Each structure stands twice: as structure tokens, then as C-alpha cells.
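Beneath this line is the structure, given in C-alpha cells, with notes to follow.
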Amino acid sequence: MRINCPYCGLRDLAEFTYHGDADHALERPEPAQENSSAWNSWVYDRSNNAGQHRELWQHTGGCRGFMIVTRDTVTHEIISVEKVGS
Amino acid sequence: MLDVFAFSSIATGKAKSPLLGRAAKGSFPNSNGNVGITLSERFAISICEVVAWPDQAVAVRTALPKDDVTFEFASARWAVVSERHGNARRLRDKIGDKGSVIDLSHGRAILRLKGEDCGWVLSKLFAIDFEKMATKSGLATTHHGITAQIWREDESTFDVIIFRSFAAAFWHTLTRACADIGYEVK
Amino acid sequence: MARYSSLAILRNALSGNQQWTPAWRKAAPKPGYDVVIVGGGGHGLATAYYLAKEHGITNVAVLEKGWLGSGNIGRNTTIVRSNYLLPGNTPFYEHSMKLWEGLSHDLNYNVMFSQRSIINLFHTPAQEDDHARRGNSMILQGVDARFVRPPELKRRMPGLNVDGPSRFPILGGLEQPRAGTARHDAVAWGYARAADQRGVDIIENCEVTGFVREGDQVVGVETSRGRIHARKVGVAVAGATSHVLKTAGLNALPIESHVLQAFVSESLKPCLDCVVTFGGGHLYVSQSDKGSLVFGGDIDGYNSYAQRGNLPVVEDVMSELVELFPAFAKVRLLRSWGGIMDMSMDGSPIITTGPLPGMYLNTGWCYGGFKATPASGWCFAHTIAKDEPHAFNAPYSLDRFYRGYVIDEKGQGATPWKH
Amino acid sequence: MSGYRLAKSGGQIDRSETIGFTIDGRQYFGFKGDTLASAMMANGISIVGRSFKYHRPRGLFAAGTEEPNALFTVLRNGSREPNVRATEIEVYEGLQVESQNRWPSLSFDLMAINQLAGKTLAAGFYYKTFMGPVLGPLKGTRFWMFCEHFIRRAAGLGRAGIEPDTSRYERMNAFCDELVVGGGSAGINKAMDAAKSGKRVIICEQSAHALSPDQEEALGKKGITVLTRTTVWGWYDGNVMAAVERVTDHLEKPAAEKPRHRHWVIRAEHVSLCTGALERPIVFPGNDRPGIMLASAADAYTSQFGAIPGKRIAIFTNNDSAYATAARLSSAGAKIATIIDVRAAPSDAARTLAGKAGAKLLSGHAVIRTHGGSRLKSIDIAPFDVSMNRPSGASDTTECDTLLVAGGWSPVVHLASQKGAKPVWSEELQAFCAAAANADWSIHGAAAGDFDFGSNLSKNPAPVFQINHPGKAFVDFQHDVTADDVRLAHREGFIAVEHLKRYTTLGMATDQGKTSNIPGLAIMADALGKPIPDVGTTRFRAPFTAVSIGSIAAERFGDLLPERLTPMHERHKELGARMYEAGLWLRPESYNQPGETVEQAYVREARAVRAKVGLVDVSTLGKIDVQGPDSAEFLNRIYTNGFAKLPIGKARYGLMLREDGFALDDGTTWRLGENHFLMTTTTANAANVMQHMEKKLAVHWPDLRVHLTSVTDQWAGVAVAGPKSRDVLAACVNGTTVDNDTLPFMGIVQGEIDGIPVMICRLSFSGELAFEVYCGAHHGQAMWDALMLAGQPWNITPYGLEALGTLRIEKGHVTGAEIDGRTTARDLHLDWMLSSKKTFIGSAMMDREGLTDESRWTLVGVKSANGEKLKGGSHIVASENADNPGRSLGHVTAICYSPELKTYVALALLENGKSHIGKRLFTTDPVRTGSHVPVDIVSHHMVDPDGGRMHA
């Protein structure tokens, strides 16, 4: 697999670090001092889609930037890559 | 306020290369007697990282000195290599509060490869398309978890910037990769 | 159906092997069952078998979307062990080990469970203490464990890089002598045959497409071969768990699906008599009866439902094998494949009632599914029959995550790809 | 003796150069350019291998990667390479090979008695027996393991060596617009076209000589990279192609710096598969006798090597291609006696060729039996009815020493299948072809089913895959899978193609079923009464052909594994330190003096620190430069305790949690300026913590203006610890004083040591008065020397990890051994660091019942009650009876001999630890030493609990 880093361009899988479901990661609940079901499910529950999956990758072996990769988990085909926050 | 740049000085004459005693100088031809590549360490020069705030990237880019090896290896993040001492301070003055300057002169080692076959040798170690890499350009990549920055000075000259603590191990790997070309250590 | 025995083999040999009958009936779905198990893999088949054997529940169907045993039961590296560290895990896996030890007789099917032992190598004093801690934990919970030192390792594994120069000098190993390997396909076939003999319907090429509900209650499943009613529905579909439960409206679970690659070399004369694991990375290797080295390492590390992995992990695994056995550099890789692991948030499984009334869930096996097959089926059968977990699987509840009673052998927290 | 060499022809060999080689120690000769297979044929060798199960004698069957029988072990420089196909071994002077899976010899193999067991060894017989008694000494798994012992010895092919393989393996990264797989005419055309349109082209050809020197030159002229002896074996996501180049296997004396194999990783914009097609056999009784081979093989041996398989040749075919072969063979000088064609009426073109070959044509016939021992002597031919697919009359015997079989052709679609293109059945070709390609790839020539056997010859075979007649008819030669085995699998319900494969082991041998998959499927389809495509086909997976494990591992093992060295590494070695690997770092474990044990060394070192002064290299600590106006706020969110109000020039000990509320890491962070911090992490966690914080900034707090940079390598660090540490610094530091006012606890000052700029922070891991001195890494060695010199009056003692551990255990300071990813701040008595005035990472999750449960294992101190040594990894139990210790209450995390307390002590995680303080328990180590020691449970602060010393 190769990922098209928004800054460095197309690079090998080995240069990247996986950080899991992006939509999930971006929905961090409001900081709190008490536990809540929102926090519980944010920390532990995943949609784990079969098919298109928006996921967070970091180019640790390059620019160290974070990107959201839309990838088909059934075929491994990468549909799009966007810089986080863009 | 502590003056962190005080530590970047390498002009004390007490600085020791991480390759000291590990990189035997001399010629190591291949079995046909050829020497196709020259290796050397660019030691005791200034290496800095400059990082701009997102909204200051353009301003910093224009503010950066042109005379040095300067390349943006990550978005709004530059490596600046210079023979000039105290370069960190100079950069700090140039960019002010548009970003940060981190002096890494002690934290990195720079190896220079010279020769027609640099591409062949580097391709053994890095998954980079060197045929397409422009001269006077640089990038960040990795070799089995050893992060590296690579600068192409000209058609047949490359600088590889690696973490100091990995220098000895990487040197060993690099010379192995050069063996079939034959190499000389300057 | 005829019992299997050497006599039966002779008898059939004389009649040109014409008398053998199918190992299990190709059953067609009935309109309804007491229990429907979704998933015709090792765990589902074992569950059906123990429902019949231990609880007398024989009006059971096992639904498999493809061919029987097409999932991880036939895609693993066949290692059976119970050398766990944490109290939450050990009793369950040790129960599994005890079931393994009698399985071939129990099923009248030789699953070739060979207790050739597993040795976890360690390479630093700190690792040695960690392994001692694990070994002591095992012994204190009645599991066999011993330390092995380099001279014995050298004797037992002549090719092992014991005294050669290495960045990972081998200081010794933690051995579980009762551990070993089994013939993975035979486990699925053996359970299928034995369950079938007790009246269980095994229905292949029957994909579950939804759950039949009466209010909250699950009362059956919709399948590619029609609606099938059931008083209870057990789900044991490993990597497909999230996918299947979405059809019941459950859109988020503490599970991610990841691909794990496995590898076999060309066949060799016997050169490795036990299972051995490398402490300098992540590698486990044994030699099959056919002579192939069977080995694997880390999961690829990104969500995947494709039974196919990528090159970086292949390179990692090969390099660790050569680091351990330098002579194997000249052995050749024959085949590789991928399986979809149901990775849980703490690296430990889930065997529970629910999450919906009438539904029962068995998932989260990470790497550990094969060795767990008998106990998983046994405990899941108990949970389905009695509507409550057995003491062995009580720790494997679904709410343990939210309540904070995680069982985290690797101490990695809720990052499934690091377990 | 049947095979022989023609007087002339053989495009690939150089008759002017004779090559000597040995098989099982016996000397043979061939020509330069020969493969071991062609040389054996020319030498008249008939038996080239023994089968897996029955040890039947087998001869050459093919000429390429599909060869199932001729496997040898290549011996070189004392290392062994087993299972190499003779068809792929290029002979060189002095080549030594060993035959396999036979005892005592290939021609006479005692294991062949297995054949007597005959039908009892049918598919799946293992599953039905060897279960043994339910009771007695052989109960459980014992009986099976007893039998298995012998089964394992009988199984297996070649023997792997145990001597390390000293060959070099190399990795090569490549990029191209067009990767052409296969150097046949289709491949060459494809490569040329692509090059013409200005593309960067790589062409890979697995054999040595398929490309003529002229062709190679022509391709080279176009700027095409030509890789011969290179097999593309794996197709990974994103057109990342894995290939292995056999660089020196064929050389007598390879240059030392050349790799044996080169592991190519080729990223291709587009891949053109020109992988050709493989001929497949017809399955009939006795079809495995030496002398029976594929027609295409005989064709190759004759044209490339001038080697003829036999004196009197018969051909058995179901299609036209064999006629072209017959014509070529006879024009080369071979004697073609008979052509047996299952088809009633072969085409006129075919008949003409048969005539040309001077062969008697028996159309509408089939071979139903063969005779001979170590070599084919004769065959039985009977009339055959294609429509019935059965022999339809009495048979005649015909003499021949060679039978060439032509059962039609299968396009090589393995790589396409790896790519994910499911093969589709072609009724005309009676073969699986690749599915439609896409923008990533295309397929051409014979690989696309585009066969060309010669003018007017038909591409389409008769749908005959097996001659259904009594007798052992082999489908998979290497694994001895017979047609009857396939039928048995059907009888027992193993009809799914994967079940067939797994139950019979069909297609799982080293040839991966290249010649056996289709016949096997056909027999199952016949048994099911279904068309072949309805039975299905298995998905091909990497590798296409077996590839050396060493090549894939290239540059990732042995001396090429990277290690990290601190600036003071040379000094540690000079001082006789035992180095210890932590992460990738090499760190001093202890500085053993002559005759000292590790324990004596670390106790001496620790004593010196407590009594006077010692120094330790702490350069490996993770260091992260944190800059920006929001740095303080950022750290306030990352750490559980407050950092907003940390004054400039001060350091603070901080604790981080994970989002799930468990402890992540700890360390001190120094405030160097209003907007500038230097964070230290534990050595092992440096990378994790960096990623953790980068993710927070990028994903959760993009609004914060903070820059993070790893500066671990920029700083050399030395901790100077002990009551005399201040004196040592006072003696060598210029530019600042280090007294309590200038440099209070957790204070930071700047100065110089021997002209080297240094930063000094007064903090203590050992519990003594201590300072961490940092300087630029290039100066580390000089600074170390200066401190050693300055410390001489107090004979300053370098100390290693063991002593460092001892000091921190005594003091009750935690490290990775306690922060193990399962512990909470409370477990470690760090709850005083959990700020209630703010939220921070983990604050929402850290109070859940499971994390605050009374019964959790919490940190305590442990003292050996009788002075007996404690053992790392011991568990803690209540019973004094070593043989019946009861359940585990917890475990020790770190142990040492405490010079201060004059006994062995440990830190431990103990169930409801507080409740045991002051009690007598036992540490037990049954797995390793059997040690069972009475211990007193105490507070984890075992030395100087009120911290008087470090605040001195």
C-alpha cells in the first residue's frame, strides 16, 4: 500500500503510522472531570466499517503530518487523502 | 530567561563526531578495483529546524536566508544547514515571533555522498524515486525506522541528515550498500 | 454414521474406499430452531457441539455464509497454549487446554493435537523477569511452566542462534510443555461431524442478512436461504462481527477488524520440534507434520476486511525468523495468506449474553481464537443454555470496558492494532 | 539410460565449455548454459526424485517453475538450500547437489514400502485413526504423538542446514511507469511500445536465457531496465510489486560484495502481465513413471539444450499443440513412434505435422496403463470415446521409453489473481483466464489465452482431463494425490474447492499445483456432474513461486539491525561497562571491576552515590522541545498536574494519563522561557509520547500555537548524584554558583564546564542531592571527562542502570516497570498529582469503578525478612509453604540488594496494597529458582521518606 501524503507525495506504507477511525477521533467529547456514557463510547466503541473508512494516518517516516485517508477496508483501495483540518 | 542557543556552539574544539573511530578513512574498491562513490561527514556545522505558525508560513519562507542549504521537509518546517556559526541566533532574529527555531547542530549527523551511483546506493536504503528528485531540493524519509532527511546538492551529490545516535549504525549500513560500487572515505 | 478407527480404514481400503460417507450432512434450513448459531467457523461449530453434548440442546442450526471453516479456523498458525499472564485469562485458556487434551477422542476425529510445547524466548534480564512473572502466574494458577536455558535450547533447536553474535542474545525461554499445535481444518471438520451426529444442522452457503425482531427481542435471522426462526441466536463471526451486528442496528462495538498474515515455507525434514517465539520482536514459528515451517508475526495494523496483507509486515516477519534461525535464510517461503482478526479494545475476548435480548455474542479473539476454540464453544454454549456466563467467561463481559475492568495483557489501552 | 544429447542444436548451451558437477557426490558433466535438469537428461538420468508419501520413483516432468519432481538440495560454502527445482539450477563448475526424500538412495529407496500400505494411506486417513486408547499410558495425546514422531520423519522434502547462511541479501527500491512481467515475445513488444511512448520501463524475466543477448541489447538501447533471473512473486496494494533477482546463484565464484539474491520492491504505475501459459497433463493410470513428461518440456529441452528425453517417444494429446512439438522434435532428430489423440478426428494441419514427424497417429485413442520400473517401457493404448469420456475397447501394448503428455494449456494468471481479479473459465480453451483488467494493469499474449501453436492449428483442446480407468492415476505428483483421492473427498463431502485442496493436500506442494489444479478440479466436477467453473477455483496468493526467506529479510537482520549510541559510549566501554539494550539504545548496566559480579558492581556503585558521589549517563531520556505562546496551556492539558504557573528557570515532575484514564508516562519538564519548555520522557516511551502529543495538537487542539520537536539526540545528559555532588559541580562549573540559593531543588541554571556551555537542573531520581547536567551532544564526551576529573577528590563513581535501579527502588520512584499500561495514578500513589482544578487527558475516565476498586494491585515496598535474595518476577503469596503457596496476591516489579537497608528489597504491585503494610507475606518464584522468601510489606518510600537528602 502507498499513501499520497498531502505534503510529501506518494510514499510507502512503512513510512506511516496508523491512528484509527478519523471521524471517531475528531468527535472527542467535551473535556470533563467525571465519567459519562459519551466518554465511555468515545474511548471504546468503533464503527469498524466494512467498505469506506475514514481513518487517521501520520507520516511519521516523513513530514510527521496527520492526514485523513478514505480507504475501502474490503479492497484496500484508497479513495482520497486530505490534510487534517483542511 | 535561559539562553538555549548558548548550547549550539560547536566552536569549542571539544566537539566529537559520532563517527569518530568508526569511519576508517581510505579507499574500499569493489572486486573489480573500482571506486564509484565518495563518502564524507560534514561535521561541526550548524543544523537548525525552523517552524512557522500556519498563518506565517509565507512570511517565514521569504525571511529565510538564501545562502544556506534550506529545504522545507514538512509543511512550514525547514531544515537549515549552514557553515556559519551562531546561525540559530541569526535565524531567530530573522523570523522573530513568526515561528520557532530549534538548534539541532549537536543532534544530527550529515553524511555526504558523491558519485554517479549515489542513486543506486541510496535506492537500497530509501523508498524514494531519486531519478525524479530535483537538485537543490530536500525531503524527509526513513530507513527501517531511522528517520532521515536527504538533500540533493547536484546531479551526483547528496547529503543525508540522520539522528546523531544512529550515525554509527547508519554508517555501517551505508558502507555495506556502497560495497558493490566501491567507495572512498574522505 | 461409522466410527473412525484403524479397523474402519482397513475395511474400507479393501473395498477401495467406496464405503465412506460424508463427514456431515449437507442440511437444508428448517423454518425454526431452538438455537441458531451464526458462523460456521471453529467457535460456532464447537458451540453447537457443546450445546448438544453438555446441555442436550440438539435442535440447533449452524449457519455459514461460505464453505465450512472458511474463516480463521483454517487461516491460523495452529498454536495451542494457555501461557497467559493475567488472572482474568488463565482459567479460561487452561480449561481450553484440558478440552484440547481429550478432543480427538471426544470427537472421534484426530485433530492431531501434538503437545510439542511452546517456548517464549527472552533476550534481556528485564525480559527474563517478565517471563518469570508470567511463568509464576501460570504455576500459581495450576498451569505447567518451566524455564529453559541456552544449552537445552541449543540441543532442542540446533539451528537456533544461541551463541552466534546477535543484537538479541538468547538468555533462555519460558516453556509450557503441554502447549503445541493441532491440524486447524481438522478441528472444524471434527466439530462439524460430531455436532452433525448429535443432530445439529450444519448449513453452508447461507449468509445472514438481518435479524428478526419482536420488539427488542431477537427471534430469528434473515438469510440468503430465507427466514429462520430461533428462540436464541448466538453470533460467532470473528472479523465479521461489526458487519453482522450492524444489520441488527448495533453500529458501534469495542471491536475493530484487522488483517493478520500467516506464512508457510517449503516442506523440510524435521528441524524444529516445538513452537518458539522471538522476544526481540513479534514472531512465532513451528514446523507442521508435513514439514513446512508455519509462522507469523504482527497484524498489519490498519482496519481491514480483505484477507490480504502488505509487504512491510512480510519483511518484518521474515527478518525476525532469520535473526532467530540464520540458516533459514536459504529456506523458501511457499505461501502466505491473511485472516481477519476481531481485535478488541483490551486484547481479550467477549463471550456474553446480549447485547440484545435473545442474542448472544462471542467475539474479540484477536490472535487467540484458535487455541480458545474448545473453551469458547464450551463457555458460549453454557452462556446460551443458562442465560448467564460460566465463571470461566464471566470476566469477558461487554461492559467491562466501560466499567474499567479491562483485561489488557499488553498494557496498550484502547488501541486494538497494538494488542 | 534413455535421455541423450543431440550432436548439434540447443540454442542456450555453449558446447565449447564443459562443466563438471556432482549429484550425491557422483561426478557428471554438462555444458555451459545447461540447467541441472537438462544436464541430467543429457546424462541419461531417469530418476530425479521420490514422491512425498509413497516414495515412488519420479522423473523429469517439466522444464520450468512447474516441475514437481526434480527437487535437489544445493550445497555451497557449508550451507544448504533445500527443494530447488533442477529446472532452475544453472550448472557451474563444482556445483554440488544432493537428492532428497530417499533412503538410502534415489534409485533404491526403502521408504517405497509405503506403497504397500496403498489404499490405507488415502486422503484424510490421518483424521480417522491414531487417536489411541482412552485410558492407560498412551491416553490423551500420547499415542498420536508417538505415531506422529514417525510420520514426521517420513514426511518432509529436503533437509535445511543449521549452519548460518553467510550469503548477502540486498533490498532495492525501484519506480517505473510500466512493469512488464515476462520476457517472451509479448513482453518484449509491450516493453518496446511503452518505451517508445516515453515511459520508464522495467521488464522482468524469471529464466536466465529466455532473452537473447541481442534482445537484451535492443531493450537496453531503449533505456529499458532489463532484469533477468528475476521472478515477480508478489502483487501488493497500490501496485507495489515484489520481485527476487537471483544474482549469483549461477556463478562459480561470486564477488564477495554481490548479494546472492536481490529483493526488488517495484512501484509501478502500470503492470503488463506477459507471463505466458503452462501446459497441463492428462491424468491416467500409471502416469507418474519416469519417462512420462509434458510435451512442452521435451520441446524446451530439445530446442534450448539439445537434450532428447528418450530413444522411442510416444505422444498423448487432447489438442493440436502436441503436433507442432512432434514436428520440431523429429526435425531435431528425435524418433517419434506414435501420437495418441483422444479426439476422433484431429485437424488436417495436425495430421500433416504427424506425417512430417513420421509418427503413427492413433486418433480416438487414449493411454490407459503404463509399464516399467525405474523407467517407462511400454504403454497400453485403447480406443477412447470423448463423448462418454471412457475407454471404449480392448487395449494394445506399445513399446516406448518416453511418453509426452499434452493436456492443453493454462494461462499463468497467478499474479492477476493476487491483484484480486477472479479467473473466469473459457469453454473454448478449457482453461481459467484473467478477468477484465483495469487502469492498474493489463494482460497479453498466451497469458491472455492468446495461444499460437502454428498455422492452422487450433487453440482448443478436447475437454478430456483424465482417463477414468482402474489404477493409480496421479493428479498431484509431489504429494501423491490420486484421482481416487479426489473422488474420495467428493464421497465424504469435501466438495468445496478449498475443502478438496485442504482434505487431499492437492496443489499444496512446492509446485503449488501449477500442473495439478485444473485436472483436480475437472475430476471433482466430473464426480459432482457439474461444469468446472461451478466447482470454482482457489485464489492464488503470494508468492508466485517459492522465494528465499533471506531475500525478503534483506538488510533487516544480523549486524544491520540499527542501534543507538550515546555521546559517551566510548567512555563506557573503556570503563569496562557491560552494555545493556534498552529500546534501541545501548546503556551501561554496571561498570564491573575485575572479578566483580554484576551485583557486587551495582552495590558498590549505589553505595558510592549514597556515601559520596556518582555519575550516570542519562542521554537516552526522551527530550521534546515545546515552544509557542500556548505551550503552558498545552502542558496543562497533557499533564495531570498544573504547569501553567511553573516559573521560568524551574522544572516540575509531571504525570501523563491515556484517554482511558490509565497512566501513560512520567518525567520532568523544564521551563526555559515564557513560551519555551524542555520535556523529558522515559527512554522507552519517547516515541509514543511524541506521537501522543502531536496527535492532540493536530487533531484535537489545532487552535493551540505549540511546536514540538524531538531533541533527544541534541542533548547529552549526565546525572551527578550524592552528598558530594554539589562540591563536584562547584569545582568545575564556571559562570554560575550551584549553592542552594542560586540552584534550589528543581531549579535550573546555565554555566560552563571546561569551556563547554551546560544547563544544570537540580532534580533527583536517586533520592540524593543530585543534579542533571546537559550539554550539546557533540560535547558529551568532553563534559563526562571534565566531571570525572572534577570528581576525583571524592573518587566519583560512574554507575549504570542496575545501580540507578537500586537507588530508585530504595526511594520508591516508579518507572516503566510500574507504569506498565495497566496501572493508574492511584495504584502508584501519584494521586496527589491529579489536579482537581482543571480537566486533562484521562480526567474523565480515571475514576471509573474498575480503576478505583479497592482490590486493585497498588505499589508497596517489600523487604526480605531473613536477608535472603529476592527474585525478579516473583509473585507474592500469603502461605509460607512453597509447595502450596496459594493464589497470587501480586508480583514484584523490581528487586535489588539495598546497601542502605542491608537486605534485599523490592517494589511490588499488591492486591489492596495498603491493607498489607506491616504484614508478613512471601515472595515465590516457582518457575525459575523455587525461591520462597518471607518478606515484610512496607511503604514504597523505603529510604529517606521525607526527602531530606535531596532537598539538602
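So that the names make sense, note that chain A is the first sequence line, chain B the second, and so on, each numbered from 1. Predicted model, so just to flag it, every value in this text is computed and none were measured.
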task: For C:Glu266 and D:Thr510, test the side chains for any donor-to-acceptor distance below 3.5 angstrom and give the result as yes or no.
output: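 Distance-only check fails for C:Glu266 and D:Thr510.
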- request: Answer with yes or no whether the side chains of D:Asn101 and C:Lys269 bring together a donor and an acceptor at under 3.5 Å.
  value: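 There is such a pair between these side chains.
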Side chain, backbone, both or neither: which part of [X] has a non-hydrogen atom closer than 4.5 Å to chain C?
| X | value |
| --- | --- |
| D:His490 | neither |
| D:Leu560 | neither |
| D:Ala154 | backbone |
| D:Ala496 | side chain |
| D:Arg487 | neither |
| D:Arg260 | side chain |
| D:Val265 | side chain |
| D:Thr924 | both |
| D:Glu81 | both |
| D:Asn83 | both |

Between [atom1] on residue [X] and [atom2] on residue [Y], distance to nearest 0.5 Å:
| X | Y | atom1 | atom2 | result |
| --- | --- | --- | --- | --- |
| D:Met145 | C:Ser114 | CE | OG | 4.0 Å |
| D:His891 | C:Asp130 | NE2 | CG | 9.5 Å |
| C:Arg178 | D:Thr141 | CZ | OG1 | 9.5 Å |
| D:Arg848 | C:Tyr402 | CZ | OH | 10.5 Å |
| D:Leu488 | C:Asn12 | CG | CG | 8.5 Å |
| C:Asn110 | D:Cys147 | CG | SG | 8.5 Å |

When only pairs under 4.5 Å are counted, which of [options] shares the most heavy-atom pairs with chain C?
| options | answer |
| --- | --- |
| D:Asp853, D:Val892, D:Thr73, D:Asp484 | D:Asp853 |
| D:Leu851, D:Val240, D:Leu561 | D:Leu561 |
| D:Arg539, D:Arg491, D:Glu498, D:Lys139 | D:Arg491 |

query: How about C:Phe113 and D:Trp144: are their ring centroids closer than 6.0 Å?
result: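 Between C:Phe113 and D:Trp144, the centre distance exceeds or equals 6.0 Å.
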- prompt: Taking the six-membered ring for Trp, are D:Phe494 and C:Trp24 ring centroids under 6.0 Å apart?
  reply: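 Centroid distance D:Phe494-C:Trp24: below 6.0 Å, so yes.
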Hey, does [Y] have a side-chain heavy atom less than 4.5 Å from the side chain of [X]?
| X | Y | value |
| --- | --- | --- |
| C:Phe263 | D:Ile549 | no |
| D:Phe557 | C:Met318 | no |
| D:Glu563 | C:Arg167 | yes |
| D:His479 | C:Lys290 | yes |
| D:Glu849 | C:Tyr405 | yes |

- prompt: Hey, does the side chain of C:Arg332 reach the backbone of D:Thr545 with a donor-acceptor pair shorter than 3.5 angstrom?
  reply: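 Side chain of C:Arg332 to backbone of D:Thr545, a donor-acceptor pair under 3.5 Å: no, none is there.
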Closest heavy-atom contact between [X] and [Y]?
| X | Y | result |
| --- | --- | --- |
| D:Ala553 | C:Ser319 | CB-CA, 3.4 Å |
| C:Asn17 | D:Ala122 | ND2-CB, 3.4 Å |
| C:Leu334 | D:Met508 | CD2-O, 3.8 Å |
| D:Gly872 | C:Ala132 | O-CB, 3.9 Å |
| D:Ser79 | C:Lys330 | OG-NZ, 2.7 Å |
| D:Arg822 | C:Asp408 | NH1-O, 2.9 Å |

- prompt: If you count heavy-atom pairs under 4.5 Å between each of C:Gly142, C:Ser166, C:Ser6, C:Gly291 and chain D, which one has the most?
  reply: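 With the most close heavy-atom pairs to chain D, the winner is C:Ser6.
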- prompt: Which of the residues C:Glu128, C:Arg146, C:Arg400, C:Arg116 is involved in the greatest number of heavy-atom pairs with chain D at under 4.5 angstrom?
  reply: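 Most pairs with chain D among the choices: C:Arg116.
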- request: For side chain to side chain contact (heavy atoms under 4.5 Å, CB included), just list the numbers for D:Arg928 and C:Asn136, CA-CA rounded to whole Å, side-chain angles, deciding distance to a tenth of an Å, and then say yes or no.
  value: CA-CA 8 Å; D:Arg928 179 164 42 169; C:Asn136 288 327; 5.9 Å; no
Sidechain N-carboxylate O distance under 4.0 Å for C:Glu315, D:Arg171: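 Salt bridge flag = yes for D:Arg171 with C:Glu315.
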message: I'd like to check the salt bridge (charged side-chain N to carboxylate O under 4.0 Å, His left out) partners of C:Arg183; sequence neighbours left out, ordered by chain and number.
response: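 Scan of C:Arg183 (salt bridge (charged side-chain N to carboxylate O under 4.0 Å, His left out), adjacent residues dropped) gives C:Asp185.
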field: Residues in side-chain hydrogen bond (donor to acceptor under 3.5 Å, both in side chains) contact with D:Asp485, at least two apart in sequence or another chain
entry: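 D:Thr482.
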field: Pair C:Asp129-D:Lys871, salt bridge (charged side-chain N to carboxylate O under 4.0 Å, His left out): steps then yes or no
entry: CA-CA 8 Å; C:Asp129 288 351; D:Lys871 299 293 184 182; over 6 Å; no
- prompt: How are the rings of C:Tyr109 and D:Tyr127 set relative to one another: parallel (under 30°), tilted (30 to 60°) or perpendicular (over 60°)?
  reply: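 Correct class here is parallel.
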